[in-house]
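Reminder, nothing fancy here: chain letters follow the sequence lines and each chain counts from 1. These values consider heavy atoms only, across backbone and side chains, with no hydrogens, waters or symmetry-generated copies.
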Amino acid sequence: MGLDFSVVPAFAGALLLGMVWTIAITVSAAVLSFFGGIVFAVIALYSPALIRYPFRLFAWLFMGTPLLLQLFLIYFGLIQIGVDLPAFVAGVIGLGLHFAVYNSDIIQSGILAVDKGQYEGARTLGLSRMQTLRKIIVPQAVRAVIPPIGNNMIALLKDSALVSVIGVAELTLTSQMAISRTFRPFEFYVTAAACYYVINLGLEAGLRRIERRIQLAR
Amino acid sequence: MTDRPIIDIRHAAKSYGPLEVLKDISLQVQKGQIVAIIGPSGSGKSTLLRAINDLDPLTAGEVWLEDTQVNKALPTRQYEAHINSVRQNIGMVFQHFNLFPHLNVRENITLAPKMLKGISNEDADELAVEQLNKVGLLDRIDYYPSQLSGGQKQRVAIARALAMKPKVMLFDEATSALDPELVEEVNLVMKQLAEEHMTMIIVTHEMGFAQDVCDRVLFMDQGVVVEEGPPEVIFKNPANDRTKNFLRKHLKGQN
Ligand SMILES: Nc1ncnc2c1ncn2[C@@H]1O[C@H](COP(=O)(O)OP(=O)(O)O)[C@@H](O)[C@H]1O
Ligand SMILES: [Mg+2]
């Protein structure tokens, strides 16, 4: 049986919608993972031991177990304790927290790499620890680690396909539905791959823009 | 003048483990006075200067800013609030500038006044213009530190400190990291401050500058003030052999 891509256009609308959901979940989870990563990094570095150690356990759970399992737990498991999240929300939280933990590691190293003179410069002006952290240290740390965080965001885009298993009708699930109707896996998986590639290009272009914009301010 | 000194250091001592870096140092600086601290590397000059705003806390002794004890014993939380408000009155200029690279010149200058004194954006802008005018860099107001020369960076750092309207300015080898041809522009700004009677404590390796600008010179060695006096005496007629030796090395090629 030969390949026949002419079956694809009939599903163009559905695939486009799937792409939109993939972008929506990626952007939402990326934003959560970015700000969550900053908060986690500050907790990991500066909070009292009573918070820090339980937090490390929590971070280890997110890094040391499969993302797929975490998604199942958040979507199916939490219902048992009365938390019934929509699939999209469960997906954003799962992806967002998972990558927040990875981002936190990177941001921590960024914070530790900020020159000690920056801290002293701010403190001698009269800024408090917290003001110094917020206005001086974290902004510089984040600027310095934009490239590795960008890599994480590209990984996040690819891992967003996992939320298909909890029923978010994003690109991968949409493709599978098209396949079940047409029995044309090759055509639709290749099409989906091309779509991911296009989103990826957009993401990389966005990251490059951010890097260019902060180039002077380093 | 019999007024209470602006800065009053009483029996300051500091140790890092067994290493005594400052040994019972006392120093009074009156309003408008300009004091130079000279001495070999490792003698404790920076440590003394940084004790004044408690950046390097003393192990013993007291530091007073007018009628406030800078390093008074307080519970952590209260101490934070206390030291932050004290530091607003003490400007500090570092060897390596410590400008904030992610902020432009204007923002470097206005950040602290805006956050700590709650002044409006317009007033903050006016303040930035005023201070940059003073250091001759108004045309660089929208530049980032990475776009400035070392001398320009240090002048912006001085403007940033002045924007808090401090009662005293501390300089820790403000020109040591600069290429020789950039030293003079920073010295000029400091001389101008001297003419405006800013109270200053200046740690420096430049004997010529100390001689020109300062009212008093302290020579430190191994954690003690070996000798102090007016520049004419310290530079032309020092009493102590350690001072003589140090000056012999450092005055070569100068004057
Ligand atoms: N954080 C520190 N830990 C241990 N020793 C230190 C520390 N900071 C400074 N010192 C020591 O204190 C002495 C005085 O240093 P410093 O005040 O920087 O001297 P100066 O500014 O005159 O060159 C030096 O011997 C230095 O090695
Ligand atoms: Mg020093």
Side-chain angles (χ1 to χ4, degrees), chain A residues 34-35 37-38 41-42 45-52 106-150 207 209-218, chain B residues 46 49-50 52-56 76-77 79-105 107-117 142-148 153 156-157 160-166 168-170 172 177:
Chain A
F34 179 73
F35 291 104
I38 293 173
V42 170
L45 289 176
Y46 302 110
S47 69
L50 218 62
I51 302 174
R52 196 162 65 238
I106 294 170
I107 293 168
Q108 279 177 54
S109 64
I111 287 175
L112 294 174
V114 173
D115 178 45
K116 178 167 127 295
Q118 291 295 308
Y119 184 80
E120 294 185 344
R123 293 308 304 276
T124 45
L125 288 166
L127 267 65
S128 70
R129 280 167 204 274
M130 210 50 209
Q131 288 170 327
T132 302
L133 206 56
R134 216 174 65 231
K135 293 287 186 179
I136 306 299
I137 308 297
V138 167
Q140 288 183 46
V142 167
R143 279 171 170 77
V145 298
I146 290 292
I149 292 210
L207 288 168
R209 253 183 79 164
I210 293 172
E211 277 178 51
R212 252 203 319 277
R213 271 187 49 184
I214 60 168
Q215 196 169 25
L216 273 183
R218 301 259 330 238
Chain B
S46 297
L49 200 68
R50 292 157 58 89
I52 294 173
N53 61 10
D54 208 42
L55 216 48
D56 280 341
T76 313
R77 215 167 260 269
Y79 183 73
E80 266 286 304
H82 157 77
I83 198 67
N84 292 337
S85 77
V86 167
R87 282 175 178 159
Q88 293 185 31
N89 298 302
I90 306 176
M92 184 152 198
V93 175
F94 301 86
Q95 186 176 356
H96 295 289
F97 329 126
N98 297 354
L99 286 182
F100 308 130
H102 63 302
L103 303 177
N104 65 26
V105 167
E107 294 161 339
N108 263 278
I109 295 171
T110 58
L111 176 84
K114 272 174 124 163
M115 288 188 83
L116 303 174
K117 297 186 169 171
D142 291 317
Y143 283 47
Y144 280 92
S146 63
Q147 297 169 294
L148 302 177
K153 281 182 195 165
V156 171
R160 180 176 74 176
L162 291 174
M164 289 302 283
K165 313 278 182 192
V168 52
M169 287 283 285
L170 313 176
D172 193 358

Self-check item: Under 4.5 Å from a heavy atom of chain B, the part of A/Arg143 involved
Solution: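 Contact with chain B is through the side chain of A/Arg143 alone.
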
Does any heavy atom of chain A fall under 4.5 Å from the side chain of [X], the backbone, both, or neither of them?
| X | answer |
| --- | --- |
| B/Gln88 | both |
| B/Arg50 | side chain |
| B/Phe100 | both |
| B/Leu116 | side chain |
| B/His102 | both |

(message) Within the 4.5 Å heavy-atom criterion, are A/Leu125 and B/Leu111 side-chain neighbours or not?
(response)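 When only atoms from C-beta onward are counted, B/Leu111 and A/Leu125 do not touch, as no gap falls below 4.5 Å.
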
Is there side-chain contact between B/His96 and A/Asp115, with heavy atoms separated by less than 4.5 Å?
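Sidechains of A/Asp115 and B/His96: no contact.
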
Once you round to the nearest 0.5 Å, how far does [atom1] of [X] lie from [atom2] of [Y]?
| X | Y | atom1 | atom2 | value |
| --- | --- | --- | --- | --- |
| A/Lys135 | B/Glu107 | NZ | CD | 9.5 Å |
| A/Thr124 | B/Arg160 | OG1 | CZ | 6.5 Å |
| B/Met115 | A/Arg134 | CE | CZ | 5.0 Å |

Practice item. Give a yes or no on whether the backbone of A/Gly117 and the side-chain of B/Asn98 come within a donor-acceptor separation of less than 3.5 Å. Key: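 A pair under 3.5 Å: yes.
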
*Can you name the closest pair of heavy atoms from A/Gln118 and B/Leu99 and give their distance?*
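Minimum heavy-atom separation between A/Gln118 and B/Leu99: NE2-O, 2.8 Å.
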
Notebook entry, point to check: Does a sphere of radius 6.0 Å around CZ in A/Arg213 hold more than 12 heavy atoms from other residues, nucleotides or ligands, not counting ones at 6.0 Å or beyond?
Noted result: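 Count not over threshold, so no.
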
Chi angles and distances behind the side chain to side chain contact (heavy atoms under 4.5 Å, CB included) call for A/Arg123, B/Asn84: CA-CA 7 Å; A/Arg123 293 308 304 276; B/Asn84 292 337; 3.2 Å; yes

